[in-house]
Chemist: 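I have a structure here, written as structure tokens, and I will follow up with some questions on it.
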Amino acid sequence: MASSSLNVIALISGGKDSFYSLLHCIQNGHRIVALANLHPPLCDASAAGDSQDEKDLNSFMYQTVGHEVIPLYAEATGLPLYRQPIDGGATRHERDYAYDASEPGVDETESMLPLLRKIKEKHPEANALCSGAILSTYQRTRVESVAVRLGLTPLAYLWKYTVLPAPIAPGNESQLLLDMASAGLEARIIKVASAGLDESHLWECVSSELGSDRVKQALRKFGAVDGASLGEGGEFETLVLDGPAGLFKKKVVVPEQGRRAVREGGGSTWLLTQGTHLEEKDAGDAVPATHVRIPDLFDSKFAQVSEDLIARPSEVLGGIVSGPVAKPLSKMSTLRFSKPELYTWTFISDADFDPGLITEETKNVVGKLQEVLASYDLTAAQLTTVVIVLRNMSDFPKINQEYGSLFKSPNPASRVTISCGNLLPEGRNILLYATAPPASQSLTRDGLHVQSRSYWAPANIGPYSQAIDIPVTLNHVAVGPRSVYIAGQIPLIPSSMMLPTPSSTSLTEQITLSLQHLWRIGTQMKVQQWTSAVAYFDKSVSVEDMLHKAQLASRAWRMMHAEPEEEEDEAALDPWDLKYNTQYMSLASSKDGKPRPLPDWEVYPMRQQNEPETCVPPLFAVEVDELPRQSTVEWHAHIGLSGLPETSTQLLSHTESQLDGWRAWNTLVRVDGGMFIHTTLANIGQSGVKKSLGAIATEAQNKYHDSVRLLGAADSLDVSAQVPYLMYVDNDSMSGWSGTSTDIQLPCATVPAYSIWTADERRASCVAVFRLSVNAL
């Protein structure tokens, strides 16, 4: 998917976003080979400026107002233009789109397919497709669906542009309009459809400081949500008349007498244009395309983290600060197990496979997963998270092909992929661990699956989602908070999908960049707290080298949890929510639509809020063999928690003296009728003592029992049989895998490691993570 230069087909509507995205393609070194446009069915595509059609389609997918001007763009830009009528309407209203040939009716999205096929025939070198999606998942996923089916790399450089670093006021979305003005883009409002905007705003140059301020102030008077000042909720639509000389050779002119207002009712008014023509541009006034602003790679807080790591690369942090000692479970009169929140499964092939037969071995493992899913009346569409451990990272493409065949629906499971080399059992080249909730019509599942390149976070480079979100449950009933499972994050530069250029600061840059990806995705998914995390590192040349990596990761993690953050500005709502989600069907923003900061200190009791150093979730550095794309680091947050009420959460820890050489961190969330508990255990007192994998898992289970007892659990709540849902084991502490060579037994999902380090730079022989839901009666 990575490439230094692409040959791009640019989807244009005549509006500001599609043209500004096109300019970013040029700025990123790509070549525009053709323009593509979908127009209303009755539009005469050969005539510009003389349309008599006085009905706008009001499509949620395509801008059609101003379609009569589109033919002029070919001569204005010197680029070939291809057009085709829109076929059908919006038959699929779900936010995340997936093509299904068996569905009755043809969604208007599919109109892109024959148009792009025709362009590919004329321009076989075309290998990418750009669009102007800023906040709309509805539009982005539809463009991505078509692009991926045609083998085109989707580009959406404006995706989440409003939350990217800005030169003046971070988070001020009007900055996008000012950037358009600086680039020389002239975009005028051609349609208004919102309270606050009326006919007086028609033909306003919104890509200017004066025009953007006027629109923003008008919308704010009516309590419009963020995103409205960009027209993302359909508040207004624009028509581009001119742009920088690198793109526009001539400018579009619409005479004043050729602009006639068409009133549709309901506050919607648009301009019908006639007499539109081209004029030569004054070369002295032309703005070159190189003025397009590319957002900085790092947000301000991550730029500070990177600078600190570079300035003090060898600084040693103090020990971990223990959380308060408490027994919250003792306050519940009667406790009992809830039904499992998630099923957890481990898969390994039935027999030895030669490394050259990785495709056959993957089919064996994937087949076992399919059988288990079927036995629980589940499908791959309900998987939440998958961990894949490989012997050879070079097998990644073949693994992807077989594994990817599982998924037919939007938002596949989040995924972490690592290579542990020869630490895997002999004769086995892939281990697969998967989780899924029990089948239930009442449990909602959400996801984030961005396949387009942008400046925001890396696009998917395989069959996985950036994040999957499911409710925390008691006996399979949602109780408010939600668990977010985020894919492993490596330090790809989002706009190019390449690793940072090797340099003396590459390590700190990779650690910081991949952590920023984790934070951005977490914030988008409304995560308020992490339960625990690991930073995987590729195999080091020495113990000192690995310890240095662990030190840097630990400092970055602690800096991101250093002090309570100010509440951020309200995030922009997806336009799909504004149209189809009853919670947001007005311009006024709901309190629930406002994200909490990450970390959100208000979820803790006041005592812990006053001591934020006791609220830092545990982090471990895990040394493996190799990571995807030859990355140095991959961040893996075990669970992100969202929907947490104020003072509902505690982070309590137990020391080695309490657990005989083990440490425990317990995240407890009070919910209606009980509690959700996530526990992370680390053995830091027995490094180098070899035991079988089964014995290590049993010891972790016993220590988990002791830890829950220290939380005040009644004796009747015996958790000694609880199995870790994920465990990391130092290979120096493992005498071997359980079972025989032909029947290897995995007591739980296990990642074998060359070394494991705690955040206070102590070596651990084992880290095990557990989750538990309990009812209070």
Side-chain angles (χ1 to χ4, degrees), residues 8-15 17-18 21-22 35-41 57-64 67 82-120 126 128-161 227 231-234 237 381 407-412 446-454 456 459-460 463 465-466 572-581:
V8 182
I9 301 170
L11 286 172
I12 63 164
S13 63
D17 301 334
S18 58
S21 182
L22 185 159
L35 305 177
N37 171 255
L38 281 300
H39 61 76
L57 286 184
N58 292 306
S59 167
F60 201 49
M61 181 64 195
Y62 305 110
Q63 173 179 317
T64 56
H67 62 75
Y82 300 86
R83 305 188 74 198
Q84 183 162 310
I86 299 169
D87 183 19
T91 62
R92 301 277 297 278
H93 290 173
E94 64 270 27
R95 184 190 62 184
D96 299 284
Y97 183 81
Y99 173 68
D100 186 347
S102 65
E103 290 272 337
V106 178
D107 189 87
E108 61 184 355
T109 298
E110 299 305 310
S111 300
M112 284 187 281
L113 208 64
L115 173 61
L116 295 174
R117 281 176 175 155
K118 179 172 69 175
I119 297 175
K120 286 191 70 177
L129 179 69
C130 82
S131 62
I134 301 174
L135 299 173
S136 176
T137 298
Y138 181 97
Q139 293 173 338
R140 175 183 53 75
T141 57
R142 281 154 173 76
V143 173
E144 289 173 347
S145 173
V146 174
V148 170
R149 277 181 274 156
L150 292 176
L152 298 171
T153 298
L155 306 174
Y157 286 116
L158 302 190
W159 179 248
K160 297 298 175 186
Y161 193 97
E232 277 294 279
E237 293 180 7
F407 303 100
K408 311 299 181 185
S409 303
N411 299 325
D446 197 7
L448 179 68
H449 187 214
V450 181
Q451 300 179 82
S452 299
R453 288 195 202 176
S454 66
W456 180 67
N460 291 139
S465 290
Q466 279 95 339
L573 295 173
D574 191 301
W576 182 90
D577 286 310
L578 296 174
K579 186 167 184 176
Y580 295 110
N581 189 335

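The first residue of the sequence shown is numbered 1, and numbering continues consecutively from there. These figures come from a predicted structure and were not determined experimentally.
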Chemist: Identify the two heavy atoms, one from Pro410 and one from Asp96, that lie closest to each other, and give their separation to 0.1 Å.
Modeler: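 Residues Pro410 and Asp96, closest heavy atoms: CG-O, 3.7 Å.
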
Chemist: Assess whether side-chain contact (heavy atoms from CB on, under 4.5 Å) is satisfied between Trp159 and Thr137, documenting all intermediate values.
Modeler: CA-CA 9 Å; Trp159 179 248; Thr137 298; 3.5 Å; yes

Chemist: CG of Leu113 to CG of Leu150: how many Å apart, nearest 0.5 Å?
Modeler: 5.0 Å

Chemist: Tell me whether Lys118 contacts the main-chain N or O of Tyr82 through its side chain, where contact means a donor paired with an acceptor under 3.5 Å.
Modeler: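 No; judged by distance alone, with no hydrogens or angles, the pair does not exist.
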
Chemist: Side chain of Gln451, backbone of Glu144: donor and acceptor closer than 3.5 Å?
Modeler: no

Chemist: Going from CG on Leu129 to CG on Leu155, what distance comes out if it is rounded to the nearest 0.5 angstrom?
Modeler: 7.5 Å

Chemist: Minimum heavy-atom separation for Tyr62 to Ile86, with atom names?
Modeler: CD1-CD1, 3.7 Å

Chemist: Rounded to the nearest 0.5 Å, what separation is found between the CZ atom of Arg92 and the OG1 atom of Thr109?
Modeler: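 Those atoms lie 8.5 Å apart.
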
Chemist: Taking atom OG of Ser131 and atom CD1 of Ile9, what is their separation to the nearest 0.5 Å?
Modeler: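 One gets 12.5 Å once the value is rounded to the nearest 0.5 Å.
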
Chemist: Check whether any side-chain heavy atom of Asn37 lies under 4.5 Å from a side-chain heavy atom of Leu35, and answer yes or no.
Modeler: no

Chemist: How far apart are the closest heavy atoms of Ser465 and Leu448, and which atoms are they?
Modeler: CB-O, 3.3 Å

Chemist: How far apart are the closest heavy atoms of Met112 and Val143, and which atoms are they?
Modeler: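 In terms of heavy atoms, the two residues are closest at CE-CA, 4.0 Å.
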
Chemist: Which atoms form the tightest heavy-atom contact between Leu38 and Leu115, and what is the distance?
Modeler: CD2-CD2, 3.6 Å

Chemist: Quick one: does Arg83's side chain get under 4.5 Å of His67's, heavy atoms only?
Modeler: yes

Chemist: Taking atom OG of Ser18 and atom CG of Leu158, what is their separation to the nearest 0.5 Å?
Modeler: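 Answer rounded to 0.5 Å: 9.5 Å.
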
Chemist: If you measure from CG on Leu116 to CG on Leu152, what distance do you get to the nearest 0.5 Å?
Modeler: 6.5 Å

Chemist: Given side-chain contact (heavy atoms from CB on, under 4.5 Å), test Glu108 with Asp87 step by step and report yes or no.
Modeler: CA-CA 6 Å; Glu108 61 184 355; Asp87 183 19; over 6 Å; no

Chemist: Using modelled atom types and a 3.5 Å cut-off, is there a donor and acceptor pairing between side-chain atoms of Ser454 and backbone atoms of Ala156?
Modeler: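 It does not hold such a pair.
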
Chemist: Answer yes or no: is there a side-chain heavy-atom contact under 4.5 Å between Val450 and Arg140?
Modeler: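 In contact.
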
Chemist: Test of understanding: with salt bridge (Lys or Arg N to Asp or Glu O under 4.0 Å), list the residues that count as partners of Arg149, not counting sequence neighbours.
Modeler: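 Partners of Arg149 by the salt bridge (Lys or Arg N to Asp or Glu O under 4.0 Å) criterion, ordered by chain and then number, come out as Glu110.
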
Chemist: Which heavy atom of Gln63 sits nearest a heavy atom of Gly14, and at what distance?
Modeler: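 Result for this residue pair: NE2-C, 4.3 Å.
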
Chemist: Using the test side-chain contact (heavy atoms from CB on, under 4.5 Å), find all partners of Pro463 that sit at least two apart in sequence or belong to another chain.
Modeler: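 Testing Pro463 for side-chain contact (heavy atoms from CB on, under 4.5 Å), a comparison that skips the adjacent residues, returns Asn400, Tyr403, Phe407, Arg415.
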
Chemist: Does the Arg142 side chain pair with the main chain of Arg95, one donor and one acceptor, at a distance under 3.5 Å?
Modeler: yes

Chemist: Taking the side chain as C-beta and beyond, is there a heavy-atom pair between Tyr97 and Asp107 under 4.5 Å?
Modeler: yes

Chemist: Taking the side chain as C-beta and beyond, is there a heavy-atom pair between Pro154 and Arg453 under 4.5 Å?
Modeler: no

Chemist: Distance-only, no hydrogens or angles: does the Ser136 side chain make a donor-acceptor pair with backbone N or O of Ala133 under 3.5 Å?
Modeler: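 A pair under 3.5 Å: no.
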
